[in-house]
Chemist: 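Below: one structure in structure tokens.
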Amino acid sequence: MAEEKKSLNFIEQIIEEDLKLGLNLDKLRFRFPPEPNGYLHIGHAASICLNFGLGIKYNAPVNLRFDDTNPTKEEQEYVDAIKNDIKWLGFEWTNELYSSDYFQQLYDWAILLIKKDKAYVDNQTSAQIAEQKGTPTKVGTDSPNRNRSIDDNLELFEKMKNGDLKEGSHVLRAKISMTANNMLMRDPIIYRILYEKHHRTGNDWNIYPMYDWTHGESDYIEQVSHSLCTLEFNPHRELYNWFLKQVYSGEDLKPKQREFARRNLSYTVMSKRKLLQLVEEGFVKGWDDPRMPTISGLRRRGYTAKSIRDFSNTAGIAKRDNVTDIALLEFHIKNELNKTAPRVMAVLYPVKLVITNYPENKEEILIAENNPEDENSGTREIPFSRVLYIEKEDFRGQANKKFFRLKLDKEVRLKNAYIIKANAVVKDENGEITEIHCTYDEESKSGSGSEASKRKVKGTIHWVSVKHAVKAEVRLYDRLFTEEAPDAHKEKDFKEFINSESLKVIDNAFIEPSLKTAQIRDQFQFQRLGYFNVDDDSKKDKMVFNRTVPLRDSWAKQNK
RNA sequence: UGACCCAUGGUGUAACGGUAGCACUCCGGUUUUUGGUAUCGUCAGUCAAGGUUCGAAUCCUUGUGGGUCAACCA
């Protein structure tokens with residue numbers, strides 16, 4: 001009964017340490033803080049799994065807080081999509097909150113800051129302010145407005161708020177130090193004037209708080225114990241703490257910001273800006289294009305919430321930059337679907353197979369297992385007849401003995417049906433094979449228990465009956481980029497590495513008739529081919545399937 | 001020529017001063033009415049150099065490499 005000691009990631013270690021140091025377990029509180037300006041992607045999923053996972057582990061509240069302080073970019077559409085994605089991933093937030101809920105409090109605190117002589121109104125141009133900011137290696141210089149009187153600052157800030165001043169003409173800045181090593185500490189902007197309608201507060205405000213001022217204070221208001229964000233916010237921590245210090249009551253909990261490395265995936269990009277470009281410039285069909293690493297794209301592609309959670313959990317949380325092999329994500333979806341997806345037969349690149357010794361008008365119903373990995377999955381019926389489609393690449397006139405599929409004068413089993421032997425081919429004027437003629441062993445029917453049915457033949461291939469098959473469209477997806485880290489090249493634009501063959505559409509595939517009743521999003525294993533689901537575009541009279549992920553193919557590998 | 005962060009097999013992560021482990025990938029064997037699954041196995045790692053210590057992936061120093069920071073974005 002050896003107790004398995006699960007290793008903790010560094011965030012959990014920090015929490016355990018805080019607990020040991022006296023933090024009450026019931027003070028633990030987390031939040032997921034998306035900006036509603038785009039769709040969630042697999043990288044966000046890592047953060048969602050982290051935060052909500054901690055909530056579950058410690059039985060602590062986790063808020064969903066929309067960081068909505070920039071009305072020029074944020075929209076209700078994104079709010080809705082984000083909520084939908086989080087729910088779909090299987091998580092529940094304690095409270096649905098918005099930074100904009102705190103605009104009044106943030107404003108009041110800003111006045112407090114001014115009164116403490118820790119903030120001032122600057123009416124220089126943004127170019128001037130940028131100029132004075134210096135560079136990482138050169139200190140900045142003070143604004144001429146830095147020593148404006150408190151009364152004047154109060155009055156000007158009031159005017160900013162009331163809409164008496166022109167957009168972009170004035171900002172409120174924290175008075176910290178223009179010589180700080182950390183550029184963020186060089187009198188950062190706290191408020192700017194923006195005459196823009198906000199998706200929640202409408203036209204109530206003419207000024208909007210900046211991220212740094214908003215985020216930490218929102219954490220404080222919500223009493224978030226551990227505010228987790230990605231590595232690039234590490235330099236912000238100093239400012240986060242500075243702002244907090246200005247409003248901290250001295251009694252309640254002071255939130256703690258910690259940073260972890262965002263999760264990157266090979267052969268794709270993960271920045272919202274770049275994903276937006278792919279959408280807007282038409283490289284993909286939308287945010288939910290099955291090639292996109294967005295939650296909605298993966299969902300449409302056929303990835304399950306569990307597979308994404310499993311991926312996030314096994315990939316882990318750490319502080320170093322990473323490019324995680326997309327094979328790990330693929331492993332988790334295959335691993336799940338192997339146990340849950342019903343097996344069916346579909347032929348993607350059909351060629352006719354005629355069983356010459358099978359009676360012309362005979363039809364029979366064969367029984368097939370739905371899923372050998374799930375004994376409760378039952379069986380289904382498949383019609384069989386004289387003329388079938390098989391996969392083109394499952395036949396070769398001649399081939400060496402490593403080729404286990406159908407070849408002339410050799411035998412192969414038709415999955416769930418009979419053993420056949422190929423005898424001849426019919427070719428068209430171009431030498432293309434149009435028909436393969438074969439004979440079947442009547443005694444070899446699958447599951448019949450006969451001696452012949454137990455014969456071992458090396459190959460088994462899938463098929464559909466021409467007369468009964470249903471024509472369908474099948475979309476085969478490949479990685480969106482040809483480069484492992486498309487945005488890691490400083491000299492080149494990431495779009496130069498777009499894979500021109502990331503989508504292959506087959507519009508005359510044939511599927512077995514049992515699939516007629518399949519609903520949108522239903523998932524299947526097309527035997528020997530891969531996992532597929534029914535796409536949103538699917539119609540009753542024209543079904544559309546997405547290939548989620550192919551099956552491992554050691555034959556293809558061998559042939560490389 | 002700054003500050004801060006980071007460095008463990010091909011990839012992602014553990015080991016918290018005491019046997020470098022797990023997963024994915026790759027490669028090979030067995031089983032198989034899916035060249036799938038399952039199962040067994042192989043290959044493969046502490047960035048470098050010093051130092052502290054009985055003992056260093058772990059602590060210290062220096063170096064090297066990578067990342068972040070100069071939006072009225074988050």
Side-chain angles (χ1 to χ4, degrees), chain A residues 6-9 13 33-35 37 67-70 72-74 122 125-126 129-131 133-140 167-173 180-184 186 189-194 207-208 210-212 214-215 229 231-238 259 261 263 266 272-273 311 314-332 334-335 338-339 343 345 369 372-373 402-405 412-417 419 444 446-447 453-462 484 525-530 550-558:
Chain A
K6 238 181 75 199
S7 63
L8 304 176
N9 65 46
Q13 288 180 21
E35 183 190 9
N37 70 341
D67 222 333
D68 57 348
T69 57
N70 184 5
T72 60
K73 287 186 181 171
E74 294 150 6
D122 200 345
T125 65
S126 60
I129 292 174
E131 174 69 29
K133 202 142 201 175
T135 71
T137 54
K138 210 182 93 209
V139 297
E167 187 167 292
S169 64
H170 293 66
V171 291
L172 183 72
R173 300 177 71 179
N181 273 324
N182 186 346
M183 302 265 315
L184 288 156
R186 320 242 261 232
I189 291 169
I190 307 177
Y191 272 98
R192 76 283 210 191
I193 302 169
L194 230 45
I207 55 172
Y208 290 93
M210 299 290 288
Y211 167 81
D212 289 292
T214 309
H215 205 95
C229 58
L231 242 36
E232 67 269 25
F233 287 96
N234 175 269
H236 293 250
R237 189 149 115 195
E238 194 182 353
E259 312 84 19
R263 182 63 48 196
S266 62
K272 274 196 233 173
R273 209 194 84 241
F311 165 76
T314 55
I317 296 290
K319 288 184 83 164
R320 46 179 161 149
D321 294 320
N322 59 79
V323 181
T324 304
D325 194 339
I326 195 163
L328 184 63
L329 214 211
E330 292 175 343
F331 164 77
H332 284 292
K334 283 188 279 191
N335 197 33
N338 175 50
K339 295 179 200 100
R343 271 60 171 170
M345 293 197 284
E369 241 183 331
E373 303 293 319
K402 283 202 155 183
F403 185 80
F404 303 157
R405 284 111 104 138
V412 80
R413 173 170 290 280
L414 293 173
K415 179 76 184 170
N416 301 315
I419 293 171
S444 67
S446 286
S453 76
K454 291 176 187 159
R455 279 170 52 208
K456 300 281 176 197
V457 288
K458 191 64 189 170
T460 300
I461 63 174
H462 59 275
E484 213 171 73
Q525 184 197 91
F526 288 0
Q527 276 183 122
R528 303 208 305 133
L529 298 174
L551 252 27
R552 194 168 113 194
D553 188 349
S554 44
W555 166 245
K557 265 176 200 160
Q558 214 179 104

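In what follows, every chain begins at residue 1, and chains take the letters A, B, ... in the order their sequences are listed.
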Chemist: Select one nucleotide: of B:U34, B:U68, B:A3, the one nearest the side-chain heavy atoms of A:Thr460.
Modeler: B:U34
Chemist: For B:C73 and A:Arg192 - does any side-chain N or O of the residue sit under 4.0 Å from the phosphate oxygens OP1/OP2?
Modeler: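 Yes, A:Arg192 has a side-chain N/O under 4.0 Å of OP1/OP2 on B:C73.
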Chemist: If you check the A:Asp325 side chain, which of B:U34, B:A3, B:G10 turns out closest?
Modeler: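 Ranking B:U34, B:A3, B:G10 by closest atom to the A:Asp325 side chain puts B:G10 first.
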Chemist: What integer number of Å spans the P atoms of B:C27 and B:U64?
Modeler: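 That atom pair is separated by 39 Å.
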Chemist: From the options B:C73, B:G36, B:A14, select the nucleotide whose nearest atom is closest to the side chain of A:Asn9.
Modeler: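 For the A:Asn9 side chain, the nearest candidate turns out to be B:A14.
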Chemist: Does any nucleotide pair with B:U37 by Watson-Crick or G-U wobble geometry, both distances under 3.5 Å, and what is it?
Modeler: none
Chemist: How would you label the contact of A:Lys402 with the nucleic acid (heavy atoms, under 4.0 Å): base, sugar-phosphate, or nothing?
Modeler: base
Chemist: In Watson-Crick or G-U wobble terms, both distances under 3.5 Å, what is the partner of B:A56?
Modeler: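 Paired with no nucleotide.
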Chemist: Over how many whole Å does the gap from A:Lys334 atom NZ to B:U37 atom C1' extend?
Modeler: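 Taking NZ of A:Lys334 and C1' of B:U37, I get 11 Å after rounding.
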Chemist: Which of the following nucleotides, B:U68, B:A74, B:C72, is nearest to the side chain of A:Ser126?
Modeler: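 That would be B:C72.
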Chemist: Under a 3.5 Å cut-off for both distances, is B:C69 Watson-Crick or wobble paired, and to whom?
Modeler: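 Partner of B:C69: B:G2.
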Chemist: For a quick check of understanding: with a heavy-atom distance under 4.0 Å over all strands, which category does A:Gly459 fall into, base, sugar-phosphate or nothing?
Modeler: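 Result for A:Gly459 = nothing.
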Chemist: Report which part of the nucleic acid A:Thr135 touches: base, sugar-phosphate, or nothing (heavy-atom distance under 4.0 Å, all strands).
Modeler: base
Chemist: With a non-hydrogen cut-off below 4.0 angstrom, is A:Asn416 in contact with a base, only sugar-phosphate, or nothing?
Modeler: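 Contact class for A:Asn416: base.
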Chemist: If you only use heavy atoms from C-beta on, which nucleotide in B:A23, B:G35, B:U11 is closest to the side chain of A:Leu328?
Modeler: B:A23
Chemist: Taking the P atom in each of B:A56 and B:A48, what is the distance between them to the nearest angstrom?
Modeler: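 So the two P atoms sit 15 Å from each other.
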Chemist: Which is true for A:Thr72 with a 4.0 Å heavy-atom rule: it touches a base, it touches only sugar-phosphate, or it touches nothing?
Modeler: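 Result for A:Thr72 = nothing.
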Chemist: Please measure how far the P atom in B:G35 lies from the corresponding atom in B:C22, and state the result in whole Å.
Modeler: 31 Å
Chemist: Could you tell me whether A:Phe403 contacts a base, only the sugar-phosphate backbone, or nothing, with contacts defined as non-hydrogen atoms closer than 4.0 Å?
Modeler: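 A:Phe403: base contact, heavy atoms under 4.0 Å.
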Chemist: What's the closest nucleotide to the side chain of A:Gln13 if the choices are B:C16, B:U13, B:A74?
Modeler: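 The answer is B:C16, which lies nearest to the side chain.
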Chemist: Taking the minimum atom-to-atom distance to the side chain of A:Glu373, which one of B:A74, B:G2, B:U37 wins?
Modeler: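 Among B:A74, B:G2, B:U37, the one nearest the side chain of A:Glu373 is B:U37.
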Chemist: Without decimals, in angstroms, what is the distance between A:Arg455 CZ and B:U32 P?
Modeler: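 Taking CZ of A:Arg455 and P of B:U32, I get 16 Å after rounding.
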Chemist: Is the ring centre of A:Tyr211 under 5.5 Å from the base ring centre of B:A74, and are the two planes under 30° apart, so that they stack?
Modeler: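 Here the ring of A:Tyr211 and the base of B:A74 are not stacked, as the 5.5 Å and 30° limits are not both satisfied.
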Chemist: Stacking check: are the rings of A:Phe404 and B:G35 less than 5.5 Å apart at their centres and under 30 degrees in tilt?
Modeler: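 Stacking between A:Phe404 and B:G35: present.
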Chemist: What is the separation between atom CD on A:Gln527 and atom P on B:G36, rounded to the nearest whole Å?
Modeler: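 Rounded to the whole Å, the gap is 13 Å.
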Chemist: Which is true for A:Phe233 with a 4.0 Å heavy-atom rule: it touches a base, it touches only sugar-phosphate, or it touches nothing?
Modeler: base
Chemist: From B:A70, B:G36, B:C26, pick the nucleotide closest to the side chain of A:Lys557?
Modeler: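 So the nucleotide nearest the side chain must be B:C26.
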Chemist: Provide the distance between the two P atoms, one in B:G55 and one in B:G41, to the nearest whole Å.
Modeler: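 Pairwise P distance, B:G55 against B:G41, rounds to 36 Å.
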Chemist: Round to a whole Å and report the spacing from CD of A:Glu259 to P of B:C5.
Modeler: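 From A:Glu259 CD to B:C5 P: 10 Å.
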Chemist: Say we look at B:U58 and B:G45: how far apart would their C1' atoms be, to the nearest angstrom?
Modeler: 16 Å
Chemist: Mark yes or no for whether A:Arg343, through its side chain, and A:Gln527, through its backbone, hold a donor-acceptor pair below 3.5 Å.
Modeler: no
Chemist: Could you check how far CZ of A:Arg528 sits from C1' of B:U33, rounded to whole Å?
Modeler: 11 Å
Chemist: How many whole angstroms separate atom CD of A:Glu131 from atom P of B:A71?
Modeler: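 Answer to the nearest Å: 11 Å.
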Chemist: Are OP1 or OP2 of B:U13 and a side-chain N or O of A:Thr314 less than 4.0 angstrom apart?
Modeler: no
Chemist: Taking any heavy-atom pair under 4.0 Å as a contact, classify A:Ile317: base, sugar-phosphate, or nothing.
Modeler: sugar-phosphate
Chemist: Please tell me which of the listed nucleotides, B:A70, B:A14, B:G36, lies nearest to the side chain of A:Pro136?
Modeler: B:A70
Chemist: How would you label the contact of A:Asn182 with the nucleic acid (heavy atoms, under 4.0 Å): base, sugar-phosphate, or nothing?
Modeler: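 Since no nucleic acid heavy atom lies under 4.0 Å of A:Asn182, the category is nothing.
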Chemist: Give A:Arg405 one of three labels, base, sugar-phosphate or nothing, depending on what nucleic acid heavy atoms sit under 4.0 Å from its own.
Modeler: base
Chemist: Using a 4.0 Å heavy-atom cut-off, does A:Pro33 contact any base of the nucleic acid, only the sugar-phosphate backbone, or nothing at all?
Modeler: nothing
Chemist: What's the gap between B:G12 and B:C6 when it is taken at their C1' atoms, as a whole Å value?
Modeler: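 Looking at atom C1' only, B:G12 and B:C6 are 15 Å apart.
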Chemist: From the set B:G35, B:C5, B:G12, return the single nucleotide nearest to any side-chain atom of A:Asn322.
Modeler: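 For the A:Asn322 side chain, the nearest candidate turns out to be B:G12.
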Chemist: Can you classify the ring geometry of A:Phe311 versus A:His332 as parallel (below 30°), tilted (30 to 60°) or perpendicular (above 60°)?
Modeler: perpendicular
Chemist: Run the side-chain hydrogen bond (donor to acceptor under 3.5 Å, both in side chains) check on A:Arg413 and A:Ser444 step by step: do they pass?
Modeler: CA-CA 9 Å; A:Arg413 173 170 290 280; A:Ser444 67; 4.8 Å; no
Chemist: Applying a 4.0 Å non-hydrogen cut-off, can you work out what A:His170 is touching in the nucleic acid: base, sugar-phosphate, or nothing?
Modeler: nothing
Chemist: Check every strand shown and say whether A:Lys456 touches a base, only sugar-phosphate, or nothing at a heavy-atom separation below 4.0 Å.
Modeler: sugar-phosphate
Chemist: With both distances kept under 3.5 Å, what pairs with B:A23, Watson-Crick or G-U wobble?
Modeler: B:U11
Chemist: Just by distance, do the side chain of A:Arg263 and the backbone of A:Gly316 share a donor-acceptor pair under 3.5 Å?
Modeler: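 Judged by distance alone, yes, a pair lies under 3.5 Å.
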Chemist: Under a 4.5 Å cut-off applied to non-hydrogen side-chain atoms, are A:Glu35 and A:Lys272 in contact?
Modeler: yes
Chemist: Which residue lies toward the 5' end of RNA chain B, A:Arg413 or A:Gly134, if each is placed at its nearest nucleotide?
Modeler: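 The 5'-side residue here is A:Arg413.
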Chemist: Using atom P in both nucleotides, what's the gap between B:U11 and B:C26 to the nearest angstrom?
Modeler: 15 Å
Chemist: Measure the distance from CG on A:Asn181 to P on B:G2 and round it to the nearest whole Å.
Modeler: 11 Å
Chemist: Any base atoms under 4.0 Å from A:Arg237, or only sugar-phosphate, or nothing? Heavy atoms, all strands.
Modeler: nothing
Chemist: Is there a donor and acceptor pair closer than 3.5 Å between the side chain of A:His236 and the base of B:A74?
Modeler: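 Such a pair exists between side chain and base.
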Chemist: What interatomic distance, in whole Å, is found between P of B:A74 and the corresponding atom of B:U37?
Modeler: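 Approximately 47 Å lies between the P atom of B:U37 and that of B:A74.
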Chemist: What is the distance from CG of A:Asp212 to C1' of B:A74, rounded to the nearest Å?
Modeler: 9 Å
Chemist: What's the spacing between A:Arg192 CZ and A:Met210 CE if we round to 0.5 Å?
Modeler: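 Answer rounded to 0.5 Å: 5.0 Å.
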Chemist: Could you tell me which nucleotide pairs with B:A49 by Watson-Crick or G-U wobble geometry, both distances under 3.5 Å, or answer none if nothing does?
Modeler: B:U61
Chemist: Around atom CD of A:Glu232, are there more than 12 heavy atoms from other residues, nucleotides or ligands closer than 6.0 Å?
Modeler: yes
